[in-house]
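Taking it in order: structure first as structure tokens, then the write-up.
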Protein chains: 2
Amino acid sequence: MTPRTASGTSAVRLAAETWESLFRAQVAVMRRLQSGPAFRDLAVNEYDVLFTLSRCPSGWLRLNELNDNVLLSQSSLSRLVDRLEKRGLVERQPAPNDGRGVLLKLTEEGAALQKEIGREHVRDIAELVAPALTAAEQRELLRLTEKLRASLPSR
Amino acid sequence: MTPRTASGTSAVRLAAETWESLFRAQVAVMRRLQSGPAFRDLAVNEYDVLFTLSRCPSGWLRLNELNDNVLLSQSSLSRLVDRLEKRGLVERQPAPNDGRGVLLKLTEEGAALQKEIGREHVRDIAELVAPALTAAEQRELLRLTEKLRASLPSR
DNA sequence: CCGATTTACATGCATTTGCATGTACTGCAC
DNA sequence: GTGCAGTACATGCAAATGCATGTAAATCGG
């Protein structure tokens, strides 16, 4: 009854092994990245918030939208943003059309720090990924992970 | 001077975008997995330790080897294992040939809990991954992530 | 064999995190 | 409009985490 592939592996098992491998690769790469000097005075999650804000076309982003990108609870993100605000890296503003919402934006100092760390970070990534996979393989990995993410149920 | 691909993207940038996509996919999948009912009484990191032990052929695993698999500092893993031991899920033993080392093993109760959670977990994974990618795509994603992980510098 | 360095793990302590809850606002039913 | 459920964010508090450091054992250089 259970459908099996040519290699005798069930579909469920293939999915589990695929996720396991993706997860382990992420752990292994992340471990090496976060121990590097790029993150000496900013945690990876904190950098990630600055990075996401730097990519935002309007410059302003809602806190709840930010939360989708980060593996943090809503309350933890709220306090992480507190810290960034106290360090003068981001700015809060009440949302215009929603009295409950909060908009976030990089300060000039925040944007500068993001760029500085970002340069190092990108270099570190390339040093890990480029020797491991050919350009074609990287493009395929990019395509597959993007497709996976896009296909997930909204929540 | 900077080498560019046909699409005008530098090798460094391709590597960075590939990692970014892999990372976001991991965050998105993990967010959905850990909010599910499978992890109602065991954190994901804690389950991960039980899972890794369950895969170990000899049954016993060194603490430092375990640490390579998990995105946790050495001290945090030490205390995580404390908690698992207090709950009767794992057992510590001094390493035979190295007086500094500690060997870990699942208790019967730990093995049973791992299997129980594992069943739910695998089902959750399949529900997310299988509809998103074809079997061939999953195999390719598995291959690429495995190659990436295997190609990383030891540390 | 002896001292110096390194490795494996544990622990004190400050910081970060998540859960539960609180507050304020929105939107919907009527 | 009024009441009521739902959403967005903040906060109290207990638990988890990381850094720095401690302890003990292994390894290395002489």
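Values below: all heavy atoms of this structure, side chains included; hydrogens, waters and symmetry mates excluded. Chain letters run A, B, ... following the sequence lines, proteins first, then strands; residues in each count from 1.
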Query raised in the report: Between which nucleotides of DNA chain C, 5' to 3', does chain B make heavy-atom contacts below 4.0 Å?
Result: C:dT7 to C:dC13
Query - Side-chain (B:R32) to main-chain (B:A28) donor-acceptor, under 3.5 angstrom - result: yes
Query - Side-chain heavy atoms of B:L77 within contact of B:V49, under 4.5 Å - result: yes
**Report entry** Check: B:T134 main-chain N/O paired with B:E137 side-chain donor or acceptor under 3.5 Å
**Finding:** yes
Query raised in the report: Is the closest side-chain heavy-atom distance between A:L128 and B:P153 below 4.5 Å?
Result: yes
Query - Interface with DNA chain D, restricted to residues 52-71 of chain B and to heavy atoms under 4.0 Å - result: none
Requested in this report: Provide, to the nearest angstrom, the distance between the CG atom belonging to A:L103 and the P atom belonging to D:dA8.
Outcome: 13 Å
Query raised in the report: So, A:H121 versus A:F51, ring centres under 6.0 angstrom or not?
Result: no
Query raised in the report: Any donor-acceptor pair under 3.5 Å linking the side chain of B:R149 with the backbone of A:V29?
Result: no
Requested in this report: For the pair A:Q138 (side chain) and A:L133 (backbone), establish whether a donor and an acceptor sit closer than 3.5 Å, ignoring hydrogens and angles.
Outcome: yes
Query raised in the report: Nearest-Å distance, CZ (B:R100) to C1' (D:dG22)?
Result: 16 Å
Query raised in the report: Should we say atom CZ of A:R55 is surrounded by more than 12 heavy atoms from elsewhere, each under 6.0 Å from it?
Result: no
Report task. Spell out, as yes or no, whether a donor-acceptor pair under 3.5 Å connects the side chain of B:T145 to the backbone of B:L142. Result -> yes
Report task. Mind listing the residues from residues 73-88 of chain B sitting with a heavy atom below 4.0 Å of DNA chain C? Number order is fine. Result -> B:Q74, B:S75, B:S78, B:R79
Query - Presence of B:N97 side-chain N/O under 4.0 Å of D:dA25 phosphate oxygens OP1/OP2 - result: no
Query - Backbone of A:K147 reached by a side-chain donor or acceptor of A:S151 within 3.5 Å - result: yes
